[in-house]
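Reading through the structure tokens given below for one structure.
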Amino acid sequence: MPAAPAGSTHASSARSSVAHLMAAPLRRWGWPLARLGIGGRLVALHILILCVLTALLTGIEVHHLSGQARSQLGERALTASRLVARFPAVIAAAQRGQPDPALNTLVNELRRQIGADYIVVGERRGLRLAHPNPEQLGKPMEGGDNAGPLSGQEIISVARGSLGLAVRGKVPVRAGREVVGVVSTGFLMPQVRTLTRQALAALVPWFVLALALGSLGAVLIARQLRREILGLEPEQIASLVQEHQAVLSALGEGVLALGASGEITLASAQADAALGLSGQRPLLSQVWPAAARLPAARRHNHEVPLGDFSMLVNTEPLPGGGQVLTFRERGAALRLAEELTQVKSLVEVLRAQGHEYANHLHVISGLLHLGHFGEARRLLSEQIEADADFRELTRELQVPRVAALLFGQRGRAQELGVSFSVEPQSALSPRWERHAGALVTILGNLIQNAFEALSGQAGEVVLSIGEDPDGLQIEVQDSGPGVTAAMQPSVFGRGVSSKGEGRGHGLANVRARVEDLGGAVRVFRRGSTTVFQVSLPPLETP
């Protein structure tokens, strides 16, 4: 059944984009994604997302550990530098401005006790007075961050010195109020590779657990999804949706899909135009109350009014609640039925005529073969005279299709062994040519019904057609048993018949066409005959 819908184009684009984004990295890893079903694609997509998230979390953890290390080591370095800067030996050495081996030994001992990677003491010009490497004594301090401490500030910095990249806490060495030097305590930063290994080592157990649980969940969801979508792949679903939309567009009927609450979930273009939905999907009760009152049950050709029109509605309940409703205008359905009826009637008439004339030819051929020439001549004369008499009776019926129908029905009557005649005063003006189709339907069904009423018994069917100031009057009389009193009120209802299943449409079509022309039809008994009488109003001047 809907019309996708313009939304189906966007949905297809979205699916294609997701498939493209997912396929690119998996192809690089050598995964045969194109051969995976929807379950395999869900699992592969899940693993890909989990890997990306893990890499992202690893990067965040590395950044967090780096910042934490800098903060903690910087505070420790600053505290150690403050302690060393208060030693009298350090202050005295800074005032002298000369390297002192005894001071270097003292400072390195303090470094080992504190656990720092190095402690460097420099004088006011930045020359080293104490350093873990004695060869560096007397040389300028590196890193370019002495300006702050030599101006009296305490700082924490990350800089690269002679021993490598380190977090350094620097404080000034004061003699009274005068800054005479600087103490720098440093903790070398761990390598980024080490931090990455630490982060991954912490995340690996959680990653394996999440991957296992997530993959299991993805497999279960994929299986459930396959059951829900009847085992179809996305490409098959897209193809079905496109075919479904094409079928809805090609249908001549209106199609509605209704949810369990009566909301319209899908509408064909014909239904959209008939109900004026304009692409909206309201409750059916808001746009077609008469149809909304129908109970959710299977029905066929149920008449429901829609504005000034009568619709033939078919409904089919859905397993999960709701229903599918199709409808078409009754007049259009009747016109199609009439065309089929007329074709069937024409075939029957031609077959009857062919059969009847074949019988006559066989009889004449036999008479000639046996030498009964006079009898053959008499039979031919009777046939020609009968045809001429019937042609004379229908001469005033100036609608060719009606006259042709009556000639055909005469042949059918001869085949059935029924007497069929037209009242001598019958007449039909050519003005009724514009309604020839309706008249053929009315007369054809009434005459056929009269033939069937005789049930193969010998009987008589008489047709009379006449015009007067009140309009057109048609009567079809038959000498059959007639319509029972109980059936008379409903005899023109669709499906009402005493002849079994699949019947009861001919008289319903008669009533529909008569009512379309503004007339009336009734049935009654006149003596020993049953009469179907049709009254049509006079034609308006075109």
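In this text, all values refer to a predicted model and were calculated from it rather than measured experimentally.
Taking 4.5 Å as the limit, every side-chain heavy atom of L428 sits out of range of all side-chain heavy atoms of E396. The shortest side-chain heavy-atom distance between T265 and L258 does not fall under the 4.5 Å cut-off. Looking only at side-chain heavy atoms (C-beta outward), T326 and V313 stay at 4.5 Å or farther from each other. Two residues are said to be in side-chain contact when any heavy atoms from C-beta on lie closer than 4.5 Å; V521 and I442 fail this criterion. Annotation: side chain of V510 is not in contact with side chain of F532 (no heavy-atom distance under 4.5 Å). Side-chain contact check for R328 versus Q270: every heavy-atom pair is 4.5 Å or farther apart. The closest side-chain heavy-atom distance from E433 to P400 is below 4.5 Å. Under the 4.5 Å side-chain criterion, counting only non-hydrogen atoms from C-beta, P305 is not in contact with S310.
In summary, of the residues considered (Q323, R298, R299), a side-chain hydrogen bond (donor to acceptor under 3.5 Å, both in side chains) with E316 occurs for R298 alone.
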- Report the C-alpha distance between L256 and F327 in whole Å, list the side-chain angles of each, state the deciding distance to 0.1 Å, and finish with yes or no for side chain to side chain contact (heavy atoms under 4.5 Å, CB included). CA-CA 9 Å; L256 294 174; F327 62 93; 4.2 Å; yes

- Item | Residues N509, F492; criterion side chain to side chain contact (heavy atoms under 4.5 Å, CB included); working and verdict | CA-CA 8 Å; N509 288 341; F492 294 103; over 6 Å; no

- Task: Show your working on side chain to side chain contact (heavy atoms under 4.5 Å, CB included) between N445 and L507 and close with a plain yes or no.
- Result: CA-CA 7 Å; N445 282 292; L507 293 180; 5.6 Å; no

- Message: Apply side chain to side chain contact (heavy atoms under 4.5 Å, CB included) to residues I465 and V422 and explain how you reach the verdict.
- Response: CA-CA 8 Å; I465 303 176; V422 178; over 6 Å; no

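The structure places CG of L472 at 9.5 Å from CG of L517, a figure rounded to the nearest 0.5 Å. Taken from CG in L463 to CG in L446, the straight-line distance is 9.0 Å, to the nearest 0.5 Å. Here the CG atom belonging to D478 is positioned 11.0 Å from the CD atom belonging to E452, to the nearest 0.5 angstrom. One finds the CG atom of L406 at 6.0 Å from the CG atom of L397 (value rounded to the nearest 0.5 Å). Note that CG of L277 and CG of D272 are 4.5 Å apart. Values are rounded to the nearest 0.5 Å. Of the inter-residue distances, the one linking Q286 atom CD with R281 atom CZ reads 13.5 Å to the nearest 0.5 angstrom.
Each salt bridge (charged side-chain N to carboxylate O under 4.0 Å, His left out) pair with one or both residues in residues 457-473, not counting sequence neighbours, appears once here: R431-E467. Pairs passing the side chain to side chain donor-acceptor pair (under 3.5 Å) check and including a residue from residues 527-537, sequence neighbours excluded, read Q473-S535, E475-Q533, R522-Q533, R525-T530.
Scanning both residues, L536 and G519, for their nearest heavy atoms gives CD2-CA, 4.1 Å. Nearest heavy-atom pair across P469 and P538 is O-CG, 3.9 Å. Summarising the geometry of A453 relative to P481, their closest heavy-atom pair is O-CD, 3.4 Å, with the distance given to 0.1 Å. Scanning all heavy atoms of the two residues, the minimum distance from A274 to L306 falls at O-CD2, 4.4 Å. For the pair V534 and V514, the tightest heavy-atom approach, listed with the atom from each and the gap, is CG1-CG2, 3.7 Å. V304 and A291 make their closest contact through CG1-N, 3.8 Å (heavy atoms, listed as atom of the first residue, atom of the second, distance).
Distance alone, capped at 3.5 Å, is enough to place a donor-acceptor pair between the T441 side chain and the G437 backbone.
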